[in-house]
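Here the structure comes first, spelled out in structure tokens, and everything after it is commentary.
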Amino acid sequence: MPAAATSKKEKAAAPRARRTAGAAKTKLFVLDTNVLMHDPTSLYRFEEHDIYVPIMTLEELDNNKKGMSEVARNARQASRMMDEIVSSCLDKMEAGIPLKEPSHDLATGKLFLQTEAINVTLPAALPTAKGDNQILAVVMFLAERFPGRPVILVSKDINMRIKARALGLDAQDYFNDKVLEDTDLLYTGTRELPADFWETHGKGMESWKTEGRTLYRLKGPLAPNLLINEFLYQDGETPLEAWVKEKTGRTVVIETLIDYSHQKNNVWGITSRNREQNFALNLLMNPEIDFVTLLGQAGTGKTLLTLAAGLTQVLETKRYSEIIMTRVTVPVGEDIGFLPGTEEEKMAPWMGALEDNLDVLNGTTGEGGDWGRAATRDLIRSRIKIKSLNFMRGRTFINKFLIIDEAQNLTPKQMKTLITRAGPGTKVVCLGNIAQIDTPYLTEGSSGLTFAVDRFKGWPHSGHITLQRGERSRLADHAAEVL
């Protein structure tokens, strides 16, 4: 990552007092069109630095504004925001338009629009008719005009950044929408306790029992770092599996878990096969948890555990009225074209994972022979509705068990749209594997699933688990490792 990018991220996290105290020169960021089409609010995301919008960027925004796609909507939004900024200062535009007032103090720099013809001789191999190369010419011109000031091109286009660096110009990606630079730092939902945990945290400890589970109130050096609904475990002679239920200052209350690996606690005939699956079932079966995110590679049991928990709470305990399942329809290979039928029939080819898991769950319902299994299958199918993402806006789901499969292919905006559909008594479960993103413009750091995990951690009514061990088959586990 360029040094400029690093300093920008650090500044974004730093207190405002320290930023203004810095004596470093403000930078001039030249925005490529794809940055504005990716995030129209990027105009207000550069804090004390100035931004420059070439005339070619405005032309490309104009060319992309037609249609109902997300890109067209963003292009129109960026144009409206720029119009709002320009309207606030119609005279002396060449001196820069202050962003402080239009951004409500989010940005304190200036917006510069290209107000003069720029003639820079580009290398002969770069045709000047191409929009990207005209933007590069503007960056070269600004770099020559302001030799002592950092002039940086911001672009989501990798090839554009490579070309800029080949011409000796500074270029960087747009980082503001990335939740994390390194997905290894993503919250896993679990924490292994050190061997001396009870010695360092046992002083003044209180302990009591409620409904067969033991609770401990304790304080110590680790307590301030724990998050509500974070799972704790310790191996050894007296193994412990618990989760944090309350936190006030330096004091936490931890509660032991229900053991779903035991047959007496089975969920629709399913028992947990490893520690993380047990943690996941504690989240899925707890009525106080409204939002659950499960991450994990193929074969870790995300869909099976979620469906088993959903069916138990819909058909046995009647906690929810029905299961609603949806997913992003992004094909892995070539698209096969339009599909016939109703909304449910069109979604059926995308719901192979649902059918596979229902076959497994239908085999766990006990005796009854073929007739019993067929009746159970019909009953299960009557309580599972398959919905398309395209028709979600404006809906409200009351008392439903909502499953969002393949959630790693959602943008943060789509994720917000879906989660805000939840009405009273609805539980939302997001499943996904951020190593398998099929949407062209999303990365592990900017996926809506990563966004939701990071923003919801520590909320008392949400929980997250990263499932580690595959339980599908030895072949699937080995393939996931070596391929």
Side-chain angles (χ1 to χ4, degrees), residues 12 34-45 68-78 80-81 103-104 106 156 174-180 183 186-187 189 227-229 283 289-295 302 306 324-330 387-434 436-466:
N34 48 44
V35 174
L36 290 167
M37 290 196 297
H38 176 76
D39 177 12
T41 62
S42 58
L43 291 162
Y44 299 149
R45 301 286 186 220
M68 295 299 293
S69 68
E70 191 80 13
V71 167
R73 270 196 290 270
N74 285 351
R76 291 194 293 271
Q77 177 67 23
R80 282 195 292 270
M81 287 184 78
S103 72
H104 303 290
L106 278 174
K156 299 290 294 176
Y174 176 64
F175 294 112
N176 203 281
D177 65 326
K178 286 194 176 156
V179 181
L180 295 168
T183 46
L186 187 62
Y187 174 60
L227 294 168
I228 290 184
N229 294 337
L283 287 175
I289 306 292
D290 298 334
F291 182 67
V292 179
T293 43
L294 298 182
L295 259 67
K302 303 182 294 291
T306 305
I324 291 178
M325 195 160 185
T326 185
R327 62 168 285 175
V328 191
T329 50
V330 181
K387 300 291 179 194
S388 170
L389 273 176
N390 304 351
F391 311 113
M392 284 293 184
R393 199 176 285 281
R395 297 199 62 180
T396 303
F397 296 121
I398 298 171
N399 216 37
K400 303 284 195 285
F401 192 89
L402 176 61
I403 302 170
I404 304 167
D405 202 7
E406 303 294 339
Q408 76 275 4
N409 289 321
L410 290 165
T411 65
K413 194 174 176 182
Q414 287 171 321
M415 183 64 87
K416 181 182 176 180
T417 301
L418 278 178
I419 297 171
T420 51
R421 299 306 97 219
T426 289
K427 187 176 193 123
V428 180
V429 184
C430 292
L431 316 175
N433 175 14
I434 53 172
Q436 287 186 340
I437 294 177
D438 302 314
T439 307
Y441 306 112
L442 282 181
T443 61
E444 292 182 2
S446 60
S447 162
L449 184 56
T450 312
F451 179 72
V453 170
D454 192 66
R455 294 300 166 93
F456 272 96
K457 67 183 180 189
W459 187 52
H461 301 290
S462 74
H464 166 71
I465 283 295
T466 302

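Positions are given from 1, in the same order as the sequence printed here. Nothing here was measured: the structure is a model prediction, and the numbers come from that model.
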Any side-chain heavy-atom pair from [X] and [Y] closer than 4.5 angstrom?
X	Y	answer
Leu295	Asn433	no
Asp454	Tyr187	no
Thr326	Ile403	no

Heavy atoms only: give me the nearest [X]-[Y] pair and the separation to one decimal.
X	Y	result
Met81	Pro40	SD-O, 3.5 Å
Ile289	Gly463	CG2-N, 4.0 Å
Leu186	Val453	CD1-CG1, 3.9 Å
Cys430	Leu449	CB-CD1, 4.0 Å
Phe456	Ile419	CE1-CD1, 4.1 Å
Asn409	Gln436	OD1-O, 4.1 Å

Have [X] and [Y] got a donor and an acceptor in their side chains that come within less than 3.5 Å?
X	Y	result
Arg421	Thr417	no
Asp39	Tyr174	yes
Thr466	His464	yes

Walk me through whether Arg73 and Gln77 qualify under side chain to side chain contact (heavy atoms under 4.5 Å, CB included).
CA-CA 6 Å; Arg73 270 196 290 270; Gln77 177 67 23; over 6 Å; no
Under the side chain to side chain contact (heavy atoms under 4.5 Å, CB included) rule, what do Ile437 and Thr443 come out as? Steps first, then yes or no, please.
CA-CA 7 Å; Ile437 294 177; Thr443 61; 5.7 Å; no
Please round to the nearest 0.5 Å and tell me the distance separating atom [atom1] of [X] and atom [atom2] of [Y].
X	Y	atom1	atom2	answer
Lys400	Thr426	NZ	OG1	6.5 Å
Leu418	Leu402	CG	CG	7.0 Å
Asn74	His38	CG	NE2	8.5 Å
Thr450	Glu444	OG1	CD	7.5 Å
Asp290	His461	CG	NE2	6.5 Å
Lys427	Phe401	NZ	CZ	6.0 Å

